[in-house]
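Have a look at the structure below, then the notes.
On a predicted model such as this, the values are computed, not experimentally measured, just so you know. Just so you know, ligand 1 is whichever comes first in the structure, and atom 1 is the first atom listed for that ligand. Scope of the values below: all heavy atoms of this structure, side chains included, with no hydrogens, waters or symmetry mates.
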Amino acid sequence: MTSEPKTCHSTSSSLGFSTRAIHVGSEPHLSASRGVTPALDLSTTYSQGKIGATQFEYSRSSNPTRLALERQLASLEGADVLLEKNLKEQGLEDEGPAALALSSGSASTALVVQGIVGSNGHIVSVADVYGGTSRFMTKVASILSGVTTTFVDMSYRDSESTGKGPRGGETDQERSAREDQEIVDRVEASITPETKLIWAETPTNPMLSLVPIRLLASIAQKKGIPLCIDNTFSSTYLTQPLLLGATVVVGSSTKYIGGHSDVIGGYVVTSDPALLSKFRFLQNAGGAVPSPHDCWLLIRSLKTLALRVRQHSINGLAVARFLHEVGVPSGLVRDVNYPGLNRGASETRSQRRERELAWSHLSPHAKKYFEQQGFSLDSGGGFPMGGMVSFHIKSPIDDKNQLQASESTDTSERFLEGLELFALAESLGGVESLAELPMKMTHAGVDPSQRSLLGIDAELVRLSVGIEDVDDLLADLERSLRAAVSSTSPRVRN
Ligand code: PLP
């Protein structure tokens, strides 16, 4: 005899992040076998018995394994509770989870741009956006649908060096308010009557610059324009943009969500019922669906997301601190980008503002965990905020001939090729550590003038810090840095 199904907690926000990661989508009473993990359902079609009487008809439109993943994602991004509230307020029927799983992060970006911007619309995008996203906006949506994009600096970076510096008599609080207003002014000045979407990514790739989500959400709300946040780098464990006011969240599941470098996937989450049904329609029409096997792997991966991202973050902070506290004074490293890094007395104002922003973007569960580990906003050295770190390696300079800066990647390539544990590879977010040279690899397609404006030069290295024993990672970095810098013959530059 089967017992009564236990209450389904799928929409309960009172359960913790990992409890939901493990149980939502995997409820045994929803499975024919009562398995504690969802079945891998490979069927492409379903016997209907009576026409239209079954939940599933054809696997491109919906599939049981994909549905389990979508319920899990919607719960983890905090979208299911918001959707339920919106459906109730609008008197609408529940048509499924607040998340869609797609075949890649890029397919998710394309779906959101097509669904929201349509034809001849305009996008206001963060300048330091993933290269594939700017490629889709400027080389695909522009040609196929007449979409235009304005790229805007949405960060606090460089407030000392770009005329955004202090004004006489201004208090610290007044200056912060002015800096916020300057971001609002830059974004609002780019909005036209045709603007249909505000797009941002935070932290950005590869400079790990922070974008103020709440501030953008307030502009989006005032102007009635949806705000989409690409949450790939933070992952839903560290930041939940819908809870900070975003309308839509997209992500590449290929990275932290999958976490083992063995699945290409993407997802879209929204609590807006109209957008959700538009996205579902477009996904079915375009067909960018993940395989059930990939969905099954992602369900499995999400169950350990919290554990993995906590360790990625703790290792990421240790690597950032090593580069800043050992690499910079030893003349091996010029500067380090890491959102939680506290540089103490040498911290600039914009670095402090970014660190404060990073702390304010931490989800309640991540903040609680890191506080339990003894971290706080002002911890000496900083607090954990993901596994992504980038830094400029310091090439030796010929002091006698301070001539033009070289575009040589000799030192950075020697460093990357000398690493033993960090694999020289693109991508990020897997359990294993990776290192790359954005200028020649992930960002080779970005316009060189835009690249140099952003600081992506021959010396910029990006690390995806894995969850190996951190002492081994630090030893690998130090050995390869010392070998690369000392064996590069001095070159001339400004
Ligand atoms: N968004 C960001 C921030 C990324 O870094 C990437 C890929 O690197 C994508 C989207 C695209 O994801 P995918 O490679 O799964 O298509």
Side-chain angles (χ1 to χ4, degrees), residues 69 73 77 99-114 123 125-141 149 151 154-155 197 199-211 213 228-239 241 246 248-269 283 286-291 294-295 297-298 301-302 309 312 337 339 361 385-390 425-430 434-438 441-446 454 456 460 462-465:
L69 170 62
L73 282 166
E77 285 282 359
L100 287 89
L102 285 101
S103 52
S104 69
S106 305
S108 313
T109 301
L111 186 85
V112 170
V113 171
Q114 283 167 355
I123 304 169
S125 166
V126 65
D128 192 5
V129 73
Y130 168 60
T133 302
S134 82
R135 179 177 57 206
F136 184 79
M137 289 171 178
T138 60
K139 297 195 173 135
V140 180
T149 307
F151 295 96
M154 300 179 182
S155 76
L197 176 64
W199 183 284
E201 180 184 318
T202 184
T204 60
N205 176 14
M207 299 312 289
L208 304 170
S209 158
L210 267 281
V211 169
I213 300 177
C228 179
I229 299 290
D230 181 336
N231 203 25
T232 300
F233 270 41
S234 292
S235 89
T236 169
Y237 178 72
L238 289 178
T239 303
V248 179
V249 174
V250 300
S252 167
S253 316
T254 316
K255 313 299 182 328
Y256 288 101
I257 303 283
H260 296 74
S261 307
D262 52 11
V263 178
I264 297 282
Y267 71 99
V268 177
V269 176
Q283 183 183 29
V289 295
S291 76
D294 284 351
C295 294
L297 280 173
L298 291 172
S301 291
L302 274 171
V309 174
H312 279 293
N337 301 309
H361 280 178
M385 180 69 183
M388 298 305 295
V389 181
S390 65
E426 299 194 4
S427 200
L428 59 118
L434 307 177
E436 64 118 3
L437 188 67
M441 296 171 70
T442 48
H443 291 66
V446 177
L454 294 170
I456 305 170
L460 184 79
R462 188 187 82 178
L463 303 176
S464 170
V465 181

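- For the residue pair Glu201 and Thr133, no side-chain donor N or O sits within less than 3.5 Å of a side-chain acceptor on the partner.
- A donor-acceptor contact shorter than 3.5 Å links the side chain of Thr232 to the backbone of Ser252.
- Remark: the backbone N or O of Pro206 is paired with a side-chain donor or acceptor of Ser390 at under 3.5 angstrom.
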Mind listing the N or O contacts between ligand 1 and protein, cut-off under 3.5 Å?
| residue | atom | partner | partner atom | Å |
| --- | --- | --- | --- | --- |
| ligand 1 | 1 (N) | Asp230 | OD2 | 2.6 |
| ligand 1 | 8 (O) | Lys255 | NZ | 2.8 |
| ligand 1 | 12 (O) | Ser252 | OG | 3.1 |
| ligand 1 | 15 (O) | Gly105 | N | 2.9 |
| ligand 1 | 15 (O) | Ser252 | OG | 2.8 |
| ligand 1 | 15 (O) | Thr254 | OG1 | 2.7 |
| ligand 1 | 16 (O) | Gly105 | N | 3.2 |
| ligand 1 | 16 (O) | Ser106 | N | 2.8 |
| ligand 1 | 16 (O) | Ser106 | OG | 2.7 |

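- Judged by distance alone, with hydrogens and angles left aside, the side-chain atoms of Ser209 form no donor-acceptor pair with the main-chain N or O of Thr204 at under 3.5 Å.
- Without hydrogens or angle criteria, Thr202 side chain to Val211 main chain gives a donor-acceptor distance under 3.5 Å.
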Worksheet entry | Met207/Leu460 under side chain to side chain contact (heavy atoms under 4.5 Å, CB included): CA gap, chis, key distance, verdict | CA-CA 9 Å; Met207 299 312 289; Leu460 184 79; 3.7 Å; yes
